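Below you'll find the structure, written out as structure tokens, and then a few comments.
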Protein chains: 2
Amino acid sequence: MTAQTKPLITRRAAKIVRRRQLIDAAIESIAKRGLGDTTLAHVSTAAGLSQGIVNLHFASKENLLNETLNQLRAEYEQNWRAALEKSASDPASQLAALLRSDYQKTVADNKKLAVWFAFWGEAKSRPTYKKISQERVTDYREILKELLARLIEEGKYSPMDIAELAQGIIAMADGLWLNILISANGFKRSDAEKVMMQYLRQIFPKHKQAFL
Amino acid sequence: MTAQTKPLITRRAAKIVRRRQLIDAAIESIAKRGLGDTTLAHVSTAAGLSQGIVNLHFASKENLLNETLNQLRAEYEQNWRAALEKSASDPASQLAALLRSDYQKTVADNKKLAVWFAFWGEAKSRPTYKKISQERVTDYREILKELLARLIEEGKYSPMDIAELAQGIIAMADGLWLNILISANGFKRSDAEKVMMQYLRQIFPKHKQAFL
DNA sequence: ATGTACTGAATAACCATTCATTCATTTTTA
DNA sequence: TAAAAATGAATGAATGGTTATTCAGTACAT
């Protein structure tokens with residue numbers, strides 16, 4: 001080994017690594033203190049770096065927050081796409097996989113849920129937050145509608161309004177997130193999943209098996 | 001008329017009126033700017049009053065915000081109780097009335113929804129917000145469970161997990177609020193109501209009529 | 001050596017809260 | 001009843017604390 005080995009973490013870290021580190025620190029702080037009480041001092045301290053670091057890498061606080069939300073959105077999408085790929089290809093299994101993915105700890109842990117709601121809470125007054133929040137479910141909704149159509153055909157269920165059905169399912173999925181965040185009596189991710197699966201069994205009784 | 005007529009508004013009454021006026025101004029500002037950007041200057045100006053007025057009537061900003069959330073909670077509860085009283089007493093009608101009440105403009109207009117989500121967004125870090133948010137649905141949930149039990153008996157439906165069912169319904173109700181708040185393509189209160197009624201028709205097919 | 005990541009003190013803006021003062025109403029007194 | 005005193009509501013300028021942003025300087029990498 002020579003005198004200067006390449007250190008695993010250079011003191012001068014790669015730009016991308018730093019940005020990600022700061023986004024993580026932001027998530028941490030928003031979960032702990034809320035969006036309103038999160039200051040750049042909190043973020044930079046949590047990241048173990050200096051005061052001016054956020055402005056150096058993101059130019060402004062606003063920018064950091066936008067990118068934080070965007071990061072969350074990207075993770076969310078990746079997560080359900082991965083779940084679909086891992087699952088069997090019949091519509092019932094795909095549907096189960098898609099909806100179960102909403103309650104995996106990767107995306108639905110307490111911290112991240114708190115951050116989602118923090119941004120939704122400001123969505124009305126911040127167009128960027130609103131836009132990214134909409135984007136979170138645009139592809140999800142399309143895939144969901146396709147799966148519902150296939151499942152209804154396969155099971156020869158009586159015709160349903162698929163768009164409305166999809167809206168309802170997504171609404172329940174989000175509402176269960178709220179329940180995890182707010183609930184007093186320790187309503188957990190696994191409880192949310194149960195409720196959702198019960199719902200699917202009710203709509204698609206011929207496919208009960210897939211939703212157990 | 002003598003020189004000193006009895007004033008229409010007594011001082012004590014005025015105090016309550018003022019508090020209400022300031023809470024309304026707070027709702028206005030939170031809906032417009034978000035919770036984080038709402039300052040006491042915004043609130044007092046919107047109320048057409050002076051700088052120090054909020055501290056005079058509420059002692060602190062924190063207090064004003066707590067009372068604002070509490071006001072919202074009280075209105076919400078009043079609204080669904082009134083809806084139940086107005087409706088027929090059979091369980092299906094009651095259930096329909098309860099769930100429709102969530103989408104009346106009294107409680108689910110854009111401003112108030114924005115404020116609900118603003119508080120939920122901070123609920124994780126503010127125990128008071130969390131507590132009041134929980135309280136919003138405690139009675140609602142109990143009534144809902146009773147109605148579900150009665151309806152299942154009346155309709156001789158196969159047994160269901162009523163607690164889970166109620167959780168699911170409430171979750172969908174809240175999620176539809178989010179959809180109204182965030183949606184790009186003008187998802188309205190009436191659309192939310194449709195989705196919810198479709199859901200109820202699916203679970204309780206023998207009572208379709210009540211959910212049209 | 002030179003550029004680049006990073007630092008942290010300084011700055012300017014903002015904001016909740018305080019409080020001396022003004023204005024209005026009610027109560028007391030004669 | 002009328003004037004005076006007391007009480008209460010509201011004002012808005014001043015204060016002290018906080019915070020995003022800037023930038024001149026430091027230290028590391030190649």
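Keep in mind that this is a model prediction, so the values were computed, not measured. Residue numbers begin at 1 in each chain, while the letters A, B, ... track the order of the sequences.
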* To do: Give the nucleotide from the list D:dT21, C:dC6, C:dT17 with an atom nearest to the side chain of B:Ser60.
  =>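 For the B:Ser60 side chain, the nearest candidate turns out to be C:dT17.
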Nearest to the B:Gln51 side chain among D:dT21, C:dT7, D:dA14, which nucleotide is it?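 That would be D:dA14.
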| message | Heavy atoms only, 4.0 Å cut-off, all strands: where does B:Leu56 land among base, sugar-phosphate and nothing? | response |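 Base contact.
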Short side-chain N/O contact to [N] OP1/OP2 from [X], under 4.0 Å:
X: B:Asn55; N: C:dT17; answer: yes
X: B:Lys15; N: D:dA9; answer: yes
X: B:His57; N: D:dA10; answer: yes

**Asked** Under 30°, 30 to 60°, or over 60°: which ring-plane class applies to A:Trp120 and B:Phe117, parallel, tilted or perpendicular?
**Response**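 Perpendicular: the ring planes of A:Trp120 and B:Phe117 meet at over 60°.
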Margin query: A side-chain contact here means heavy atoms from C-beta on lying under 4.5 Å apart; do A:Gln202 and B:Met160 qualify?
Written below: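 Yes - at least one pair of side-chain heavy atoms lies under 4.5 Å apart.
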Quickly work out the [X] [atom1] to [N] [atom2] distance and round it to whole Å.
X: B:Arg18; N: D:dA9; atom1: CZ; atom2: P; answer: 11 Å
X: A:Phe58; N: D:dT21; atom1: CZ; atom2: P; answer: 13 Å
X: B:Ile53; N: C:dC19; atom1: CD1; atom2: C1'; answer: 14 Å

- Message: Using the side chain to side chain donor-acceptor pair (under 3.5 Å) definition, which of the options B:Lys188, B:Arg100, B:Gln198 pairs with B:Glu193?
- Response: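 Going through the options one by one, the only one that passes is B:Arg100.
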(request) Could you check B:Glu85, B:Glu77, B:Gln78 and say which one makes a side chain to side chain donor-acceptor pair (under 3.5 Å) with B:Arg81? (result)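 Of B:Glu85, B:Glu77, B:Gln78, side chain to side chain donor-acceptor pair (under 3.5 Å) with B:Arg81 is met by B:Glu77 alone.
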